Amino acid sequence: AKKKGLSFEEKRVRMMEIFFETKDVFQLKDIEKIAPKEKGITSMSVKEILQSLVDDGMVDTDRIGTSNYFWAFPSKALHARKRKLEELESQFAESSQKKEALQKSIEKSKIGREDTTERAALIEELATLRQKKEQLKAEIDKYRECDPDVVEEMRQTNKIAKEAANRWTDNIFSIKSWAKRKFGFEESRIDKSFGIPEDLDYID
């Protein structure tokens, strides 16, 4: 039988596992190497999957010098799901009010009147929202087990990000110093040519 490929959502889940299991900071090229080997995600789809996670607020990203770095930790996913749950609960409450108003309107109508298309659509919408709400609750329960370690994970992740940022800042300063000695370039010219911020400095 032909092996079934991973769905888009399965790829998203597996990519999040890379961040959660390693608690490390990566560049895109790093993930393009790790994802196919360890998680079965094709390298061609890595960029699209990663961008979708960034867009949903599940993965953080920042540009340091000329490179983009990506990281995530369980508490980030937990908070994102909590916000999504609150959003769905708000939609659910709004839909419930619409349904209640519609039911009152129907009661005032003539006996025997058939259900309206709008009411049928609202009932379907409510069923969908209830299902999503239960799914998010289940996910939050799963991540809640990580709560005692969230503070430590955030501390370690921030430490790794800080070390990576300072390491690359040091590299940039070294290259700038070499370019000034080798070619006699002015520092402002180097910054402008390579898009280096004038206030670039180490993170305390």
Side-chain angles (χ1 to χ4, degrees), residues 5-84 87 136 139 143 146 149-183 185-204:
L6 297 173
S7 69
F8 189 78
E9 190 57 37
E10 286 172 335
K11 291 178 182 178
R12 281 164 53 93
V13 170
R14 292 194 180 194
M15 187 166 291
M16 290 304 296
E17 288 174 354
I18 294 175
F19 292 105
F20 290 169
E21 291 169 0
T22 62
K23 300 180 180 67
D24 205 348
V25 179
F26 301 97
Q27 288 182 262
L28 176 61
K29 63 182 181 181
D30 300 325
I31 302 176
E32 286 176 336
K33 292 178 182 178
I34 297 171
K37 184 178 178 181
E38 298 186 8
K39 298 299 179 181
I41 303 171
T42 58
S43 58
M44 289 186 298
S45 65
V46 166
K47 187 174 182 180
E48 180 186 7
I49 300 298
L50 183 58
Q51 187 60 50
S52 76
L53 293 170
V54 171
D55 292 341
D56 288 347
M58 301 289 288
V59 172
D60 287 312
T61 183
D62 196 8
R63 187 174 182 83
I64 303 174
T66 57
S67 303
N68 289 319
Y69 290 84
F70 302 89
W71 67 92
F73 39 84
S75 64
K76 177 77 174 180
L78 176 63
H79 295 152
R81 282 169 170 77
K82 282 183 177 179
R83 288 196 299 271
K84 187 63 177 177
E87 183 180 321
L136 284 168
E139 289 188 25
Y143 282 103
C146 301
D149 302 323
V150 165
V151 174
E152 181 60 27
E153 287 174 1
M154 289 176 66
R155 188 178 292 113
Q156 290 300 320
T157 300
N158 288 338
K159 179 182 177 183
I160 293 170
K162 175 184 172 182
E163 290 174 351
N166 285 335
R167 186 165 57 251
W168 278 95
T169 299
D170 192 49
N171 291 340
I172 291 170
F173 285 152
S174 296
I175 293 171
K176 285 172 64 175
S177 179
W178 174 81
K180 284 191 289 185
R181 291 197 312 272
K182 182 76 174 178
F183 304 106
F185 289 159
E186 293 182 2
E187 186 166 342
S188 59
R189 181 181 174 188
I190 298 173
D191 290 341
K192 185 175 181 180
S193 299
F194 295 95
I196 301 172
E198 293 181 3
D199 58 352
L200 177 69
D201 202 353
Y202 296 100
I203 299 174
D204 294 327

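What you see is a predicted model; the values in this text were computed from it and never measured.
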Check [X] against [Y] and note the closest heavy-atom contact, atom names and distance.
X: Trp71; Y: Asp24; value: CB-O, 4.0 Å
X: Gly65; Y: Ile172; value: CA-CD1, 3.6 Å
X: Phe70; Y: Gln27; value: CD1-C, 4.4 Å
X: Phe26; Y: Ile31; value: CB-CG1, 3.7 Å

Next item on the list: Taking the side chain as every heavy atom from C-beta outward, state whether Glu38 and Lys33 have any pair of such atoms under 4.5 Å apart.
Entry: no
Do Tyr69 and Ile64 come close enough that some side-chain heavy atom pair is under 4.5 Å? yes
Enumerate, atom names and distances included, each donor-acceptor pair closer than 3.5 Å involving a side-chain atom of residues 41-49, sequence neighbours excluded.
| residue | atom | partner | partner atom | Å |
| --- | --- | --- | --- | --- |
| Thr42 | OG1 | Ser45 | OG | 2.9 |
| Ser45 | OG | Thr42 | O | 2.9 |

Can you confirm whether the side chains of Ser67 and Arg63 place a donor and an acceptor under 3.5 Å from each other?
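No, because no side-chain N or O of Ser67 sits under 3.5 Å from a partner of the opposite role on Arg63.
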Quiz prompt | Carboxylate-amine/guanidinium contact Arg12 Glu9, below 4.0 Å | solution =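 The answer is yes: the pair qualifies as a salt bridge.
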ask   = Between Lys39 and Glu21, is the closest basic N to carboxylate O distance under 4.0 Å?
value = yes
The single option from Asn68, Thr61, Val59 that satisfies side chain to side chain contact (heavy atoms under 4.5 Å, CB included) with Leu50 is Val59
